Amino acid sequence: MTTIARHRLELADGRSSDILIGAGLAGQAASYESLDARRVLMVCDEELVASHGQLVRQALAGAVVETVAVAGREASKNWPEVIRLCDAMAAAGLERADALVAVGGGVITDLAGFAAGIYQRGIACVYVPTTLLAQVDASIGGKTGINLAAGKNLIGVFRQPQIVIADSQTLASLPPRHWSAGMAEVVKHAVLDEKLWQLLGSMLADTNLAQLSPEQIATLVAANVKCKAAIVAADERERGRRALLNLGHTFAHALEAALGYEGISHGEAVACGLLAACRLAAAVGVGEAELFDQVAGRLAAASHPDHPLPQRWPDHDRERLHQAMASDKKRAGHLRFVLPRQIGDVFVSEDAIAREMVDAAIDVLLM
């Protein structure tokens, strides 16, 4: 077992999460040693039950483990699936001292974390994220949720996992498209953090994503976790600085909703949304003119060579995007955009932005 990093996300009220990053951690009993549960419901991506799910089950040999398989797609984040998980916890006899363990990508952690947060008013949860996007973003920070027809993640709770186990070995079989999707969130964090921007640039200067070693990937995950965890620790409930993590997401979530959560991954939408945010920042006169090209270049360099991140998504219309953005849960009387001035300097615009400027940013996606 190789632990590249161990990070404790400590919140102001004394709660904390242990985040373990390295190779081979998911199948090691020592990774779960702080979990004191007699019964466990493992919620596992249906495609991983026989592989990563079995490793986790073996590591939890001291507990009675029941498994529920869930399709790892956005459409699974719905009320019937939440009820199915709660029914499974009740059938397995889980009590407040027991736990739910989620094995899979961001869909699984979002859904399972929400169910853990409401069952018996909250039981412990452990995340074993198996995609790059989940390791650098979705599993960190305690946001859980499911979707409504009106928009993404409109129902949810803040529920911090007790442990996050980011095992770089679970990424070995990740398809190129999933690698690229995860790197979109890495680039987003790098726009927020100049040191991370420089680290990512140096890693990709002489190679591409497919050639990075497992140790380099784990180091990159650890740097992203450090960036996000610091923001969450200071503002768990998103009343201030945590909103910066939504950079590009007003556009991204609207794009996902406008497409019915089909045909586009969250990471692909984030890549497009980042560029739209850069264009909007320039349009309102706060963003550096060269920032768009800087971010576009970094997204291209960070993409898996076999599945480059999109930088536009023309299969939609402007009005549908506006309708989707109108339901954004982050609005406060008007749409609130997170805008970058330059690398490492990002802010939330509290002022209403004229529709024609938003349209100009949307046009970036329609090219």
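It should be emphasised that the depicted structure is a prediction, and the values quoted were computed from it without experimental measurement.
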### Task
Enumerate the residue pairs fulfilling side chain to side chain donor-acceptor pair (under 3.5 Å) with a member in residues 80-91, sequence neighbours excluded, ordered by first and then second residue.
E81-R84
### Task
Give every residue pair that meets the side chain to side chain donor-acceptor pair (under 3.5 Å) criterion with at least one member in residues 223-236, sequence neighbours excluded.
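Non-adjacent pairs meeting side chain to side chain donor-acceptor pair (under 3.5 Å): R15-E236, D137-K228, Q160-E236, H189-N224.
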### Those residues that, when tested against Y127, pass ring pair (Phe, Tyr, Trp, His ring centres under 6.0 Å) (two or more places apart)
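Y127 satisfies ring pair (Phe, Tyr, Trp, His ring centres under 6.0 Å) with no other residue.
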To the nearest 0.5 Å, how far apart are [atom1] in [X] and [atom2] in [Y]?
X    : Y    : atom1 : atom2 : result
S180 : L209 : OG    : CG    : 6.5 Å
D351 : L335 : CG    : CG    : 13.0 Å
L321 : L259 : CG    : CG    : 7.5 Å
C272 : L309 : SG    : CG    : 8.5 Å
I19  : R6   : CD1   : CZ    : 11.0 Å
I118 : I155 : CD1   : CD1   : 9.5 Å

#### Entry: Under the salt bridge (Lys or Arg N to Asp or Glu O under 4.0 Å) test, residues paired with E262 that sit two or more places apart
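Counting only residues at least two positions away or on another chain, E262 forms no salt bridge (Lys or Arg N to Asp or Glu O under 4.0 Å).
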### Task
With sequence neighbours left out, write down each residue that passes side chain to side chain contact (heavy atoms under 4.5 Å, CB included) with P305, or none if nothing qualifies.
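Checked P305 against side chain to side chain contact (heavy atoms under 4.5 Å, CB included); matches are N208, A210.
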### Query
Excluding sequence neighbours, so at least two apart, what forms side chain to side chain contact (heavy atoms under 4.5 Å, CB included) with A37?
L35, V40, D98, A99
#### Entry: Polar side chain donor-acceptor pair, R57 to T67, under 3.5 angstrom
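On atom types as modelled, these side chains qualify, holding a pair under 3.5 Å.
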### Query
How far apart are the C-alpha atoms of V225 and V136, what are their side-chain angles, what is the distance that settles it, and do they pass the side chain to side chain contact (heavy atoms under 4.5 Å, CB included) test?
CA-CA 6 Å; V225 167; V136 301; 5.9 Å; no
May I ask you to decide if [Y]'s main-chain N or O and [X]'s side chain share a donor-acceptor pair within less than 3.5 Å?
X    : Y    : answer
E215 : G22  : no
R96  : Q120 : yes
K188 : L245 : yes
Q58  : L55  : no
S17  : I163 : no
W179 : L174 : yes
Q135 : P129 : yes
R237 : R242 : no
R159 : I123 : yes
S76  : G72  : no

### Task
Verify the ring-centre separation between H307 and H178: is it less than 6.0 angstrom?
no
### Query
Does atom CG of D13 have more than 12 heavy-atom neighbours from other groups under 6.0 Å away?
yes
### Message
Using a 6.0 Å cut-off, check whether atom CD of E288 has over 12 heavy atoms from anything other than its own residue.
### Response
yes
Among residues at least two apart in sequence or on other chains, which ones pass side chain to side chain donor-acceptor pair (under 3.5 Å) with [X]?
X    : answer
K77  : E74, D110, N153
R8   : S16, D18
T207 : Q211
S265 : E268

### Pair H253-N246, side chain to side chain donor-acceptor pair (under 3.5 Å): steps then yes or no
CA-CA 10 Å; H253 285 170; N246 296 316; over 6 Å; no
### Message
Given V164, which partner from the list I21, T109, I140 fulfils the side-chain contact (heavy atoms from CB on, under 4.5 Å) test?
### Response
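For V164, the side-chain contact (heavy atoms from CB on, under 4.5 Å) test succeeds with only one of I21, T109, I140, which is I140.
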### Message
Could you check whether R341 makes a cation-pi contact with F347, meaning its NZ or CZ is under 6.0 Å from the centre of the six-membered ring and within 45° of the ring axis?
### Response
yes
### Query
What pairs meet the ring pair (Phe, Tyr, Trp, His ring centres under 6.0 Å) rule with one or both residues in residues 15-59, with sequence neighbours excluded?
none
### Task
Among residues two or more places apart or on two chains, list those pairs meeting salt bridge (charged side-chain N to carboxylate O under 4.0 Å, His left out) that have a residue in residues 58-69.
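Qualifying pairs, neighbours excluded: none.
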